[in-house]
Number of protein chains: 2
Amino acid sequence: MPANMISKILEKSSVLPLVDDVIAPIHVKTAGGAPRTSVLRNPNMEKLQKGYLFPEISIKREAHLKKYPDAKVISLGIGDTTEPIPSVVTSAMAEYVLALSTPEGYQGYGPEQGQMNLRKVIAEEVYPDMGIQESEVFISDGAQCDIARLQTLFGPNVTIAVQDPTFPGYVDNGVIVGQTGSADEAGKYAGIAYMRCAPENHFFPDLSRVPRTDVIFFCSPNNPTGHAASAAQLRELVDFARRNGSIIVFDTAYAWYVSSSSEAAGDGDKTKPRSIYEVPGAREVAIEISSFSKFAGFTGVRLGWAVVPDELRYADGSPVARDFDRIVCTCFNGASSVAQAGGLACLSTEEGRDAVRRVVGVYKENARVLVDTFASLGKEVYGGTDSPYVWVRFPGRRSWDVFAEILDKTHVITVPGSGFGPGGEGFIRVSAFNSRDRVLEAAARLKKFLPGLSAVPL
Amino acid sequence: MPANMISKILEKSSVLPLVDDVIAPIHVKTAGGAPRTSVLRNPNMEKLQKGYLFPEISIKREAHLKKYPDAKVISLGIGDTTEPIPSVVTSAMAEYVLALSTPEGYQGYGPEQGQMNLRKVIAEEVYPDMGIQESEVFISDGAQCDIARLQTLFGPNVTIAVQDPTFPGYVDNGVIVGQTGSADEAGKYAGIAYMRCAPENHFFPDLSRVPRTDVIFFCSPNNPTGHAASAAQLRELVDFARRNGSIIVFDTAYAWYVSSSSEAAGDGDKTKPRSIYEVPGAREVAIEISSFSKFAGFTGVRLGWAVVPDELRYADGSPVARDFDRIVCTCFNGASSVAQAGGLACLSTEEGRDAVRRVVGVYKENARVLVDTFASLGKEVYGGTDSPYVWVRFPGRRSWDVFAEILDKTHVITVPGSGFGPGGEGFIRVSAFNSRDRVLEAAARLKKFLPGLSAVPL
């Protein structure tokens with residue numbers, strides 16, 4: 001077909017030819033308006049549902065502020081830290097930064113996997129007696145970015161399981177790399193095993209009913225439910241992965257919030273591990289990802305890490321860590337050296353560790369206030385003890401409706417539970433990340449308003 | 001088949017069952033040794049050739065240091081900046097960081113797309129009169145990371161073209177997301193169009209012989225050849241993309257090194273654009289990626305950006321920027337806020353802009369020294385005028401051999417040209433990123449040694 005004929009067809013049609021070897025004037029103005037390339041949109045991107053949860057909430061917040069320009073909005077929504085970073089940490093970053101202006105202090109590219117002194121202090125301080133070597137710790141710019149890199153590493157052919165509800169990043173990144181089919185009306189993607197975690201099963205899935213998948217994403221303390229899995233539950237999870245030859249990706253972004261529970265005294269099963277590597281046999285089946293965001297206030301500074309043990313192998317016997325190292329070198333180029341200097345200050349001295357623990361204590365006290373608020377109103381409330389998140393049930397109601405109504409009546413932003421998966425429907429997540437004053441003010445508003453809300457039908 | 005039979009078979013076999021619905025005790029010790037999961041290695045990762053270039057060079061450097069523990073090694077290898085960052089920039093970062101310890105100055109998550117003031121100053125200062133809006137600028141942690149995110153965005157079904165030789169990140173990230181077949185013996189991946197850029201074609205491909213692809217990666221000034229494309233060449237490129245309905249990804253990490261050439265005076269065709277958006281019609285076909293690494297010394301601080309114009313559309317008419325925004329929100333969480341404060345200080349005042357221009361000037365003078373060194377020895381030498389890279393031909397020799405011999409005889413680290421693609425074979429890349437003293441010392445060693453080298457046969 002001559003080029004001018006193709007051209008004419010194109011002018012009449014909005015369907016563009018997909019054949020690579022047709023050299024044609026593709027870039028045409030269609031009747032509808034704007035010119036367009038002939039590049040097909042990535043079908044995996046088309047599968048993604050609506051917006052990403054937190055930007056969606058931002059949009060609703062903006063709309064609310066337009067409607068009520070004078071409202072004193074209190075955000076107990078996105079898990080964004082609000083307490084200042086301890087000065088022992090910022091001083092170390094400032095010192096590092098200023099030295100970059102000197103010939104002696106200047107540093108360019110660091111190792112893609114992170115500074116060895118930071119990798120070492122994480123291995124020693126976060127994983128004492130767990131056999132984690134510094135070479136197994138990969139420094140990153142945050143757990144969300146590591147989730148994306150891990151999904152790139154695993155690729156489109158693996159099957160995955162996720163808790164339901166859970167942080168949306170595991171699923172969304174799986175959709176993007178092509179691990180799933182389309183979503184159904186409830187928002188569940190074909191090809192993903194959703195492991196329901198609800199009050200009825202103590203927030204731990206009945207593994208006898210979970211199909212084998214290649215990868216199991218598991219977040220503990222969980223976002224959004226706030227539930228920290230017990231040692232007995234995690235032993236069950238590791239055994240399940242070992243039996244199935246699966247890889248667990250264990251997300252401990254909230255591990256610093258786990259309480260040393262007195263009820264666990266004398267009962268090892270009830271202790272709540274802060275790392276999957278406290279569980280025997282985990283090294284051969286588990287990757288752990290974590291972050292400085294929620295314990296050190298690094299949400300904007302950006303710093304996290306992944307642990308990939310040497311023993312973790314693919315079916316062909318090749319080490320997972322070798323491929324992950326290649327991903328880190330090829331898709332990433334290391335976390336900001338300034339953030340790494342800050343991370344080192346958080347963990348390398350008793351002063352730093354105490355300072356960040358005090359900040360965690362502030363948020364934990366906020367969480368207690370919120371739990372008490374909802375409990376005093378007779379609500380079913382979970383989490384908040386080992387987590388900065390409080391998980392509240394509104395039986396018979398839709399999460400987004402409750403979110404909207406609370407926002408409209410109290411100017412308090414929460415997160416609709418259904419944003420974390422179909423299993424979150426009927427719940428809202430309330431975050432303890434705000435100043436004490438604002439949390440108390442929000443609690444007062446909720447106490448005034450909630451009795452009215454609970455009467456509203458579905 | 002009962003589970004215990006499968007178990008027995010597995011014990012005798014190193015081949016594991018690949019069928020997902022077989023629930024079996026997969027995690028077994030094989031005769032060979034280590035236990036393994038039954039997760040299949042991502043076949044795209046298997047396609048990647050050997051190590052990533054720069055870590056490979058690090059390994060060879062370490063081996064050299066073991067062999068010659070007293071050698072004063074000079075690195076003109078990896079393009080890593082060495083000059084201190086101007087204090088106007090580090091002071092701004094230090095001030096920002098210290099404020100994070102105060103209630104007023106603390107900031108958590110920023111917008112995933114970057115701080116609006118930084119996006120605005122990039123639009124204004126880097127793209128004056130090019131019609132780039134701040135909303136079209138996405139702040140990142142560096143151009144390499146944006147390449148990875150763009151390849152994730154495009155997905156496995158697009159076809160790509162790259163310059164040959166070129167920065168390996170475009171190809172490697174394309175392999176990882178599944179855009180290619182396997183590599184042949186020359187290192188070319190099936191499914192990629194390699195656009196040869198050599199002295200013989202003025203480092204610009206003969207586009208009449210380049211097949212249509214969905215995406216064209218183009219780096220100017222080029223890494224590694226140092227060639228900055230002329231206005232006439234880039235008009236040809238944009239026209240080619242418009243005719244084919246392709247998307248250009250234009251990498252300007254080295255744009256600040258472009259000289260305002262006197263030879264171009266009075267001849268617009270010979271000017272060397274610092275941005276693809278200087279070329280009419282580019283907005284509808286081009287994404288631009290860039291970085292603070294090479295002009296502001298931010299290789300370790302990590303900061304870059306991507307421009308995705310509103311007019312850039314997929315074949316279905318949907319905006320590319322909308323999907324890229326989703327990628328940025330889902331796979332990334334914004335660049336470090338500290339790095340962003342530094343980026344703002346580089347660009348928002350005349351003092352900052354002058355300071356970074358002076359640093360660029362230091363490296364450009366180094367490049368001139370290196371060009372003169374090789375030219376005085378009668379070598380075919382390119383680049384160095386609009387780029388920190390000098391590209392030297394060693395006819396009839398293999399790049400890795402030249403690299404190894406130069407390292408062994410002079411303790412100077414270069415980069416083998418073949419690491420940038422088959423078209424780089426027979427060349428080495430020499431970087432101007434080092435102190436003046438070291439560059440002069442390296443030049444002296446090369447002058448002493450090179451005459452001997454050129455006599456060595458293939």
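Throughout, a chain's letter reflects where its sequence line sits, starting with A, and its residues are numbered from 1.
Going from atom OG of B:Ser318 over to atom CG of A:Leu40 covers 10.0 Å, rounded to the nearest 0.5 Å. Taking CD of A:Gln151 as the reference point, atom OG1 of B:Thr330 lies at 12.0 Å (rounded to 0.5 Å). Distance check: B:Tyr96 OH to A:Thr90 OG1 gives 11.5 Å after rounding to the nearest 0.5 Å. Taking OG1 from A:Thr152 and CE from B:Met45, the interatomic distance works out to 9.5 Å, rounded to the nearest 0.5 Å. A distance of 6.5 Å separates OG of B:Ser38 from CG of A:Asp214, quoted to the nearest 0.5 Å. Rounding to the nearest 0.5 angstrom, the gap separating the OH atom in A:Tyr314 from the CZ atom in B:Arg36 is 14.0 Å.
Scanning both residues, B:Cys145 and A:Asn333, for their nearest heavy atoms gives SG-N, 4.2 Å. Of all the heavy atoms in B:Tyr106 and A:Phe298, the pair that sits closest is OH-N, 4.5 Å. Here the shortest heavy-atom pairing between A:Pro43 and B:Asn157 reads CG-ND2, 3.7 Å. Contact record, B:Thr299 with A:Gly108: OG1-CA, 3.1 Å, taken as the closest heavy-atom pair. Of all the heavy atoms in A:Ser87 and B:Ser101, the pair that sits closest is CA-OG, 3.3 Å.
With A:Thr37 contributing its side chain and B:Ser246 its backbone, the two residues share no donor-acceptor pair below 3.5 Å. Side chain of A:Tyr109 to main chain of B:Thr81: no donor-acceptor pair is present (N/O by atom type, distance under 3.5 Å, no hydrogens or angles).
Among the candidates A:Gly155, A:Ser336, A:Gly297, the residue making the largest number of heavy-atom pairs closer than 4.5 Å to chain B is A:Ser336. The most heavy-atom pairs under 4.5 Å with chain A, out of B:Ile85, B:Ile327, B:Ile247, B:Leu153, come from B:Ile85. The residue among B:Asp325, B:Ile147, B:Thr82, B:Val177 with the most heavy atom pairs within less than 4.5 Å of chain A is B:Thr82. Options A:Thr102, A:Val158, A:Val215, A:Asn44 differ in how many heavy-atom pairs under 4.5 Å they form with chain B, and the most are formed by A:Thr102. Annotation: maximal heavy-atom pairing with chain A below 4.5 Å, among B:Glu46, B:Lys294, B:Gln107, B:Glu95, occurs at B:Lys294. The greatest number of non-hydrogen atom pairs below 4.5 Å with chain A, out of B:Gly317, B:Cys331, B:Ser293, B:Ala148, is found for B:Cys331. For the set A:Val338, A:Ile176, A:Asp146, A:Leu303, the entry with the most heavy-atom pairs within less than 4.5 Å of chain B is A:Ile176. Among the candidates A:Val89, A:Val97, A:Ile78, the residue making the largest number of heavy-atom pairs closer than 4.5 Å to chain B is A:Val97.
The contact between B:Pro103 and chain A is made by backbone and side chain atoms together, counting heavy-atom distances below 4.5 Å. Contact annotation for B:Glu104: neither backbone nor side-chain heavy atoms come within less than 4.5 Å of a heavy atom of chain A. Contact of B:Ala99 with chain A is not made at all, since no heavy-atom distance falls under 4.5 Å. With a 4.5 angstrom heavy-atom cutoff, B:Arg322 touches chain A only via side-chain atoms. No part of B:Pro111 comes within reach of chain A, as not one of its non-hydrogen atoms sits under 4.5 angstrom from that chain. With a threshold of 4.5 angstrom between heavy atoms, B:Ser58 does not approach chain A through any atom at all.
In summary, A:Arg302 and B:Asp141 do not engage in a salt bridge, as defined by a charged side-chain N under 4.0 Å from a carboxylate O.
The salt bridge (charged side-chain N to carboxylate O under 4.0 Å, His left out) test applied to B:Asp80 returns no partner, not counting sequence neighbours.
Of the residues A:Arg313, A:Glu284, A:Glu311, the one that meets the side chain to side chain contact (heavy atoms under 4.5 Å, CB included) test with B:Pro35 is A:Glu284.
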Pair A:Asn42, B:Phe154 - check side chain to side chain contact (heavy atoms under 4.5 Å, CB included), show working.
CA-CA 6 Å; A:Asn42 182 344; B:Phe154 295 133; 6.0 Å; no

